[in-house]
Each structure stands twice: as structure tokens, then as C-alpha cells.
Amino acid sequence: MALCVILIASIAVGAAAWGREGHRLTCMIAEPFLSSESKAALEELLPGRDLPELCSWADDIRRSYRFRWTGPLHYIDTPDNLCGYDYDRDCHDSRGEKDMCVAGAINNYSRQLETFQEAKLSLHKSYNLTEALLFLAHYVGDIHQPLHVAFTADAGGNGVHVHWFGRKANLHHIWDTEFIDRAKRLYYHDIFRMLRNISMSITENFDAWSRCETDPEACIDSYATESIHTSCRWAYKDALEGTYLEDDYFSSRLPIVEQRLAQGGVRLASILNRIFGAKSSESSI
Ligand SMILES: *[C@@H]1O[C@H](CO)[C@@H](O)[C@H](O)[C@H]1NC(C)=O
Ligand SMILES: *[C@@H]1O[C@H](CO)[C@@H](O)[C@H](O)[C@H]1NC(C)=O
Ligand SMILES: CC(=O)N[C@H]1CO[C@H](CO)[C@@H](O)[C@@H]1O
């Protein structure tokens, strides 16, 4: 009975976002790129804890009564078969409330964290910046999971039922957790070896991935656009309802999964460095 409850709980969490390992990897990838200002801010906001262990916090709380409203902040539903994303058209929840999507949430919690320096000086605390940081770190991971920016009718692949190495699974779950679990089991054996291998690909791409020349919100939109394009080109492709997905699909897509994790980590670091890095807090935005 207890085992059953644990299994159900882990399936429910798995259906939500990059699984625990994916989020933990994103935050672990970010860590070495954080500026000393960002590290100091993280120590203040998460005393005695580190970011990777808390990177799934936004999934842990989303089914609690107090945080149920955050459900839509993990993804973006885009028009079926269009393979495109537009903030004004797509960033809303199912009742049409604007900004209630993963891109809107990243903008929201970035703006809150930009008050970090002022909040320390004033007695009036308007936001819980610990929560803002944990939401931001999680949602930057989510926006890089391709199927978190995907078609509305199948709920980002949750409604696409396939066979994964003989087992029944939905496509969204496969991209959240199954790729990472299988790669870990077959190749890496532990998450630190996986981290090291993913991190090796970063050096040559770091500048291209972390660069944000337009305003920060336009850069967040470009990450969402990359995800819906990747969903069409790799995730949905050859994965129609009822398909048997095996080695061909796994080995051709694993590098994509690893690249999205790497990009998510690098961009998380650069977003935090932009927010915390500048000494004069009114420089940008
Ligand atoms: C922004 O954050 C506040 C909590 O501080 C929340 O009430 C609001 O719904 C959030 N909006 C989005 C789009 O994340
Ligand atoms: C901020 O949020 C965290 C996580 O929900 C909570 O543990 C903490 O008590 C909150 N801090 C304040 C000052 O409300
Ligand atoms: C075991 C494993 O998957 N190693 C991979 C590490 O990363 C490089 C690319 O950076 C791959 O080519 C390896 O296959």
C-alpha cells in the first residue's frame, strides 16, 4: 500500500515537467556559471540549502491548495499543428487569463527578483523572493523541455499514447523523464557522470546560448519558439498515437534532450547574473 502511494505520487510528479533529475541537472549545469553576486544572493535566499536540491520545488507544491493556481505556469499551449509560438496569442491559461504561462511566469519572477537589493533596504517586503527564485529556476528548465511548448489538443504530448520499449507511456512523460532515466541507466550510471558529459558540450556554445541582445523578455520568447520547433521536428515526428518507440527514436533524440538541458542551465545562470550581477540595480529595464 505504501509503495503504491509512492509510485502514484512519483507518476503524478513525472507527468508535470522535466522530472526531478531533469530539473536537478538544469540547476547543476547552471551553478559553475553563476557570478559571485548571484552566489551571494542565492546564499541569502536559500540559507543552508543549495539550488539543485530545490529545483523541483515548484512541482512539489503545485498540487497543494495554496499553489494550485500555479499549474498553468509550467507550460504553453500553442495552436495545433502550427509549430509556432506568439506571446500575445498563446501566453494565457485555459480560461484566457493573460500572462499565465511559463514565459509570463519567468518574466514575472525575474521582475520580482530585480527588487532584491531594494527589498533589503526597505522594511516593506512585497514579494517572497525565495519563492520567486525557486519558481524562476524551475520554469527556465520547463521552457526548455520541448513538449512544454506544444499543441493544445494533446496537452503537450500528454495525450499521445505510445509504446516505449514495449511499455505503454505518453509522449510527454517520455521527454520529461524516460530519456534521462534510460541514458543514466545505460551510459552514465550516476547523475554526476551525466552532468560532466553534458557540460563538456557547453564551452564551445556558451556565448551563443547565453547571449541576449534584445530585451530579456524577447529572449525568453525565443527559447519558447525553439521548444515548439523542437517538438515538431523531433518529439512529435515519428511518434504518432500507438507507435512503438525504440532505439532509433531514443538514440536520435537523446542529444536533443541533453542540449535542451544544457541550454536551460546556461540560460538560468545568465538570467540570474543579469538580475543579481550588476552592482547598480537600475542599469537594465
Ligand atoms: C506573479 O507572481 C505573483 C506572486 O508574487 C502571482 O500572484 C501572479 O499570479 C504571478 N503571475 C504570473 C504570470 O506568474
Ligand atoms: C517564503 O517562502 C518559503 C517557501 O514557500 C517559505 O518557507 C518562507 O517561510 C517564506 N518566507 C516568508 C518571509 O514568508
Ligand atoms: C556515454 C555518452 O553518452 N557519452 C557522450 C558524451 O557526450 C558526447 C558529446 O559531447 C557524446 O558524443 C558521447 O556519446
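Each ligand, and each atom within it, is numbered from 1 in the order the structure gives.
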Min side-chain heavy-atom separation F67-R62 under 4.5 Å:
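Side chain of F67 against side chain of R62, heavy atoms only: no contact under 4.5 Å found.
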Taking the side chain as every heavy atom from C-beta outward, state whether I76 and T78 have any atom pair closer than 4.5 Å.
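Side-chain contact under 4.5 Å: yes.
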In this structure, is the centre-to-centre distance between the rings of [Y] and [X] below 6.0 Å?
| X | Y | answer |
| --- | --- | --- |
| W18 | F179 | no |
| H138 | H23 | yes |
| F135 | W57 | yes |

Using a 4.0 Å heavy-atom cut-off, which part of L73 comes near ligand 1: side chain, backbone, both, or neither?
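Side chain only.
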Name the closest protein heavy atom to [atom], giving the residue it belongs to and the distance to 0.1 Å.
| atom | answer |
| --- | --- |
| atom 5 (O) of ligand 2 | E131 OE2, 2.7 Å |
| atom 13 (C) of ligand 1 | D99 O, 3.0 Å |
| atom 4 (C) of ligand 1 | Q112 NE2, 3.7 Å |
| atom 9 (O) of ligand 1 | W69 CZ3, 3.3 Å |

Within 4.0 Å of some non-hydrogen atom of Y109, the atoms of ligand 1 are 2 (O), 14 (O)
Numbering as shown, the atoms of ligand 1 that approach A105 to under 4.0 Å (heavy-atom distance)
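Listed by number with element: 14 (O).
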Looking at V102, N108, L129, N128, the heavy atom closest to atom 8 (C) of ligand 1 belongs to N108
Quick check: W57 and ligand 2, any N/O pair under 3.5 Å apart?
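It does not: no N or O of W57 is found under 3.5 Å from an N or O of ligand 2.
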Does NZ or CZ of R182 come closer than 6.0 Å to the centre of the six-membered ring of F250, within 45° of the ring's axis?
yes
CZ of R233: more than 12 outside heavy atoms within 6.0 angstrom?
no
